Amino acid sequence: MSQYSDQVEVVKQARARLAALGEAPGGGGIRTREVWKGTDVNLEGSISGDGRYLSFTDWSTGDVALRDLAAGESRRLTNKESFDWAQTSSMSHDGSMVAYACWYHKPNTYELHLVPAKGGEPRVLFANREWTRALAWTPDDQHVLAYREVGKKMLLDLVAVKDGSARTLITADDYMDTVRVSPDGKWLAYDAHSSPVVRHFDIHVQALDGSRGGPVIEHPADDRLLAWTPDGSALLFTSNRSGVPATWLQPVRDGKPAGSPQLFAVNLGAVTPLGATGSGALYYGVNTWTQDVYLADWDAAAGKLAGPPVKATEQNVGRNMTPVWTRDGRLVFYSTPRSSLAPQVMVRSADGSVREFRLSRFAPSVFPVAVFPDGRSGILPRGDETGFYRLDLETGKEELLFRADAARRIWVSPDGGSVYYGRKNVLIRRDLATGQETEVSREVPDSDFREVSLSPDGRQMAFLAPRPPGKLALSLLSLETGQVRELSRVAGNMRGGIAWEADGRHLLFVRLAGKQFTFELMRISVDGGEPQPVGFQMEGLSRPAISPDGRKIAFQSGTGRAEVWALEHLPGTRR
């Protein structure tokens with residue numbers, strides 16, 4: 001704990017708490033243990049009740065899979081040859097079944113599936129046409145807690161394994177991150193945003209029969225649920241309330257707080273909870289990925305980098321992403337400092353100086369800021385239900401631009417008079433002066449409009465569309481006629497953004513370069529033909545962006561891995 005010498009009282013409390021917890025059976029005491037690391041680690045699953053198996057998504061195929069933590073082996077439970085993806089999964093306590101959300105690229109729907117851990121044909125448990133997540137099981141393994149989006153509301157359902165019948169437990173205005181059922185099966189704990197505008201989390205407990213419940217942790221800090229203790233007497237959660245990442249215990253009795261939170265351990269950090277076992281071990285994931293924005297000279301005639309890339313800034317190293325250019329050569333991107341909950345927008349001038357603007361209401365986003373042609377302001381992707389906000393790039397002032405029920409991507413026309421954004425797979429054009437909206441196309445098959453790029457002249461959009469078996473179509477949409485023209489079909493390992501070159505005659509994209517996490521930059525003419533490599537590869541390469549004068553290229557690149565750990569001998573473990 002020497003790294004927290006400036007937090008004397010926090011460290012003192014932590015040491016006292018650890019001493020009070022005593023020794024575990026065999027004298028082992030509370031300890032952490034690494035159980036899985038490598039390039040194939042995924043944190044969208046949960047642990048079995050005995051701690052042997054961990055469900056996860058194999059993103060190389062989009063299948064749900066199991067990791068045998070004892071044997072150190074992984075195997076897929078499904079075997080698809082399509083662009084349907086298994087997403088969040090949850091394993092039953094007895095380790096016999098895995099519930100998971102399945103996304104179908106056409107017609108962009110979700111279903112809740114159930115598959116035996118030994119393998120076999122999945123069964124549709126719950127059908128839904130909007131976003132779905134499989135979050136947890138009840139202790140008797142008779143029900144799955146499933147989270148879904150219906151319109152503007154978020155619903156948490158209790159879904160019966162036997163017949164798929166569902167009962168809604170919670171209807172909320174914002175999403176819940178972690179859901180856990182108490183060991184006795186009577187109580188449901190979950191964390192949720194405190195409000196649609198204030199973006200920190202609080203923790204709530206509700207009776208599973210819906211009879212009563214309410215918040216048990218309300219605090220200006222960001223409080224994230226980890227697990228119930230094995231005896232159900234307390235909730236384990238992470239919080240930055242002490243100024244450093246720390247783990248806390250909140251005693252709970254009859255669904256209500258039973259005293260003040262107690263500091264449990266310092267520096268567990270920001271982790272992804274993967275569930276707790278009956279023997280008193282909390283499994284969690286640690287994401288060690290970093291992202292930085294890089295700059296390099298670009299040879300437009302040759303279509304390649306004209307020099308080695310360098311970091312756009314040494315500020316907040318490892319936390320910078322999604323570069324976009326202004327017409328005067330400045331670079332705008334996001335940064336998420338480790339010491340702050342609020343994201344920042346960074347503006348790098350041509351002379352290398354960088355200004356930081358901390359945002360007041362938006363959660364960190366992987367979607368770029370859309371910059372107005374004059375370079376003085378940009379539009380922030382939607383972070384709440386109130387709409388899109390304009391950010392003044394000189395002062396940092398935020399103001400509401402317009403309200404919209406929309407995807408988070410938005411593009412500004414070259415003249416600045418209109419914007420384009422997505423709404424349920426429909427591309428909308430909005431006149432900013434009059435507010436009039438027009439449907440442009442229903443041809444873009446991505447409800448979040450991630451892999452979409454507006455041409456420099458504002459007349460076309462490039463986008464990706466799945467084309468079975470195992471291909472992606474790089475296509476062009478005419479914003480004037482609504483017609484779509486396919487440029488090329490490539491293998492399904494293309495991702496991470498599409499960029500137009502300054503003359504509008506070529507497109508850049510990245511694709512996997514033979515080994516996991518290493519990507520190469522590709523170039524293709526808008527007249528068609530085969531895409532060609534430009535001779536540049538980098539780990540985690542994504543989001544290429546060419547400057548308006550065509551002389552610079554910016555992109556983001558990251559390194560690192562995810563790891564799975566176990567925190568053993570939790571308080572409340574029967575000894």
Side-chain angles (χ1 to χ4, degrees), residues 2-6 240 243-245 267 269-270 286-299 304-360 362-369 371 375-378 380-381 391-396 496-497 499 508 510 517-521 536-549 551-562:
S2 59
Q3 68 267 43
Y4 295 108
S5 57
D6 61 333
N240 60 354
V244 294
N267 201 29
V286 178
N287 196 326
T288 61
W289 270 98
T290 62
Q291 292 286 347
D292 280 297
V293 172
Y294 289 82
L295 287 171
D297 292 327
W298 180 254
D299 184 338
K304 64 180 182 180
L305 273 69
V310 296
K311 287 181 182 176
T313 180
E314 291 296 330
Q315 296 172 230
N316 302 324
V317 171
R319 309 290 287 179
N320 301 310
M321 64 198 78
T322 61
V324 62
W325 293 94
T326 64
R327 285 189 179 177
D328 61 4
R330 292 189 298 170
L331 196 63
V332 181
F333 53 94
Y334 280 107
S335 182
T336 54
R338 300 177 193 276
S339 60
S340 172
L341 292 177
Q344 295 176 171
V345 168
M346 314 287 279
V347 182
R348 184 190 190 275
S349 298
D351 62 6
S353 61
V354 178
R355 299 182 66 188
E356 304 178 25
F357 300 111
R358 181 168 297 178
L359 304 180
S360 64
F362 290 89
S365 172
V366 298
F367 298 106
V369 176
V371 178
R376 297 177 181 176
S377 61
L380 297 167
L391 174 70
D392 189 310
L393 298 178
E394 303 297 331
T395 66
L508 298 176
V510 294
F517 298 125
T518 297
F519 291 84
E520 64 179 338
L521 189 62
F536 177 69
Q537 299 182 4
M538 197 168 183
E539 186 173 7
L541 173 66
S542 65
R543 301 293 174 194
I546 297 291
S547 62
D549 63 7
R551 297 179 179 179
K552 295 281 186 180
I553 183 172
F555 57 86
Q556 73 181 46
S557 179
T559 61
R561 301 291 184 269

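Keep in mind that this is a model prediction, so the values were computed, not measured.
S377 meets the side chain to side chain donor-acceptor pair (under 3.5 Å) test with R390; sequence neighbours excluded. The side-chain contact (heavy atoms from CB on, under 4.5 Å) test applied to A350 returns no partner, not counting sequence neighbours. With sequence neighbours excluded, no residue forms a side chain to side chain donor-acceptor pair (under 3.5 Å) with T395. Qualifying salt bridge (charged side-chain N to carboxylate O under 4.0 Å, His left out) partners for K552, counting only residues two or more places apart in sequence or in other chains: D297. Annotation: salt bridge (charged side-chain N to carboxylate O under 4.0 Å, His left out) contacts of D549 (sequence neighbours excluded): none. By the side-chain contact (heavy atoms from CB on, under 4.5 Å) test, A554 pairs with L295, P323, W325, L331, sequence neighbours left out. Every residue two or more places apart in sequence or in another chain that forms a ring pair (Phe, Tyr, Trp, His ring centres under 6.0 Å) with F536 is listed here: F555. Qualifying side chain to side chain donor-acceptor pair (under 3.5 Å) partners for D299, counting only residues two or more places apart in sequence or in other chains: none. Residues that satisfy the side-chain contact (heavy atoms from CB on, under 4.5 Å) test with D328, not counting sequence neighbours, are T326, R330. Under the salt bridge (charged side-chain N to carboxylate O under 4.0 Å, His left out) criterion, R355 pairs with E394, sequence neighbours left out.
N316 has its side chain within reach of Q344: a pair of non-hydrogen atoms, C-beta onward, lies under 4.5 Å apart. Side chains of V369 and L391 form no contact here, defined as non-hydrogen atoms less than 4.5 Å apart. In this structure the side chain of Q556 never reaches within 4.5 angstrom of the side chain of F333, judged on heavy atoms.
Checking side-chain atoms of R348 against main-chain N and O of T313 turns up no donor-acceptor pair under 3.5 Å. Of the possible polar contacts, one joining the S557 side chain to the E539 backbone as a donor-acceptor pair under 3.5 Å is found.
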